[in-house]
Amino acid sequence: MKDIIILGIESSCDDTSAAVIRNGVLLSNVTASQAVHEAYGGVVPELASRAHQQNIVPVVDQALKRAGVEREQLSAIAFTRGPGLIGSLHVGVSFAKGMAAALNIPLIEVNHLQGHILAHFIKESEDDSNQPKFPFLCLLVSGGNSQIVLVRAYNDMEIIGQTIDDAAGEAIDKCSKVMGLGYPGGPIIDRLARQGNALAYQFAKPNLAGYDYSFSGLKTSFLYNLREWMKDDPDFVEHHKEDLAASLEKTVVDILMKKLWQAAKDHKLRQVAVAGGVSANTGLRNAFQEYAEKYHWKIFVPKFSFTTDNAGMIAITGYFKYLDKDFCSMDKPAYSRVSMA
Ligand code: KG4
């Protein structure tokens with residue numbers, strides 16, 4: 001049978017990434033991150049799209065070279081159509097369309113969130129078989145999303161719980177900003193938390209029915225508590241940053257795991273995966289391990305390189321869509337805010 005070789009392109013936020021997958025096996029995954037945003041404490045959309053424009057050609061070129069694949073060998077091009085920053089998406093979408101037209105090969109649109117979940121199916125070698133079996137639950141936690149997804153098949157997913165306000169990563173990033181730490185806050189909080197006492201402080205936890213999340217109350221409670229403590233000690237953060245980080249991380253992880261546990265119990269599912277940028281968090285990974293032992297879960301925690309935005313996840317989703325002949329036309333525009341449903 002002829003090889004199916006997919007080029008994936010991801011440009012939804014501040015990472016320009018291209019990957020090549022042959023018959024489901026990853027050959028290359030090249031990502032250029034954008035340091036330009038650090039000085040602003042967050043992603044500046046206009047700067048992000050300009051950086052994508054500069055990065056996209058060399059990144060795609062590198063991905064093909066590292067894969068040892070010629071453009072003419074590609075079966076199709078998969079690209080992130082959304083959700084994400086519209087200016088950033090435009091760069092990847094336009095590039096993918098132009099390249100597919102020039103090579104006269106099919107174009108495949110990918111939902112970024114579906115990509116995060118299907119990253120669990122990227123094979124790193126022919127005999128790599130550590131993948132979830134359907135159906136399973138996936139906790140999708142990133143800077144923009146906190147969802148519990150019931151995954152029935154590659155192309156059949158249902159969001160059964162989601163945040164009604166802030167995402168988990170967003171809450172961590174904002175609390176980190178309030179503490180005057182750098183951007184993005186997630187990895188900094190993670191590092192500090194390893195040296196702190198997670199029981200030192202208590203912050204508000206939501207009380208929502210069902211599987212939905214809320215993180216805005218935690219963010220407000222963190223800010224108000226900090227203001228109070230700083231009245232007595234203006235250097236409170238400096239003196240207690242490890243304990244603050246550990247307590248914040250524990251609160252977020254507790255909130256995430258409580259609903260996930262309930263969903264797993266109600267749906268009688270023991271295969272549980274985690275995906276998205278926040279899945280790099282050590283506290284969350286440890287909690288998954290604990291639940292695996294305590295509740296006999298079979299857990300799927302992605303490699304660090306597949307947690308943050310990368311084109312490998314777009315290419316693998318494109319591969320499954322290619323098998324379904326699920327191609328898209330050239331007139332499909334990028335979208336910034338459409339959910340997976
Ligand atoms: O999935 P992602 O790369 O981007 C999108 O939102 O699409 O997720 C980024 C989020 C940020 O909020 C970042 O602070 C968080 O993931 N993050 C972490 C860690 N690494 C990244 N949060 C907690 N601990 C980490 N180690």
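Numbering of ligands and ligand atoms starts at 1, following listing order.
Salt-bridge check for Asp190 with Arg194: passed, with a basic side-chain N closer than 4.0 Å to an acidic carboxylate O.
Between Gly186 and ligand 1, at least one N/O pair is under 3.5 Å apart.
Under a 4.0 Å heavy-atom criterion, Cys13 is not in contact with ligand 1. Heavy atoms of His112 approach ligand 1 to within less than 4.0 angstrom.
The aromatic rings of Phe136 and His120 lie perpendicular to each other, with more than 60° between the two planes, well past the 30° mark.
Ligand-side atoms of ligand 1 in range of Gly169: 12 (O), range being under 4.0 angstrom from any heavy atom. Applying the 4.0 Å criterion to heavy atoms of Thr308 picks out, from ligand 1, the atoms 3 (O). Close contacts of ligand 1 with Ala280, meaning ligand atoms under 4.0 Å from a residue heavy atom, involve 20 (N), 26 (N). Residue His116 has at least one heavy-atom neighbour below 4.0 Å for each of these atoms of ligand 1: 1 (O). Listed by number with element, the atoms of ligand 1 under 4.0 Å from a non-hydrogen atom of Gly144 are 6 (O).
The protein atom (non-hydrogen) at minimum distance from atom 24 (N) of ligand 1 is Asn281 ND2, 3.0 Å. The closest protein non-hydrogen atom to atom 10 (C) of ligand 1 is Gly143 N, 3.4 Å. Nearest protein neighbour of atom 26 (N) of ligand 1, counting heavy atoms only, is Asp190 OD2, 2.8 Å. Closest protein heavy atom to atom 17 (N) of ligand 1: Gly277 O, 3.6 Å. Of the protein's heavy atoms, Val278 CG2, 3.9 Å lies nearest to atom 15 (C) of ligand 1. Closest to atom 12 (O) of ligand 1 among all protein heavy atoms lies Asp173 OD2, 2.7 Å.
Atom CG of Leu150 is separated from atom CG of Asp156 by 8.0 Å, given to the nearest 0.5 angstrom. Rounding to the nearest 0.5 Å places SG of Cys175 at 8.0 Å from NZ of Lys219. Between the NZ atom in Lys123 and the OH atom in Tyr319 there is a gap of 8.0 Å [rounded to 0.5 Å]. One finds the OG atom of Ser176 at 5.0 Å from the CD1 atom of Ile188 (value rounded to the nearest 0.5 Å). We find the NE2-OG1 distance between His116 and Thr307 to be 8.5 Å, quoted to the nearest 0.5 Å.
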> Between Ser214 and Asp165, does a side chain to side chain donor-acceptor pair (under 3.5 Å) hold up when you go through it step by step?
Replying inline: CA-CA 6 Å; Ser214 165; Asp165 40 54; 2.7 Å; yes
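For an aromatic pair to be called close, the ring centres must be under 6.0 Å apart, and Phe121 with Phe134 satisfies this.
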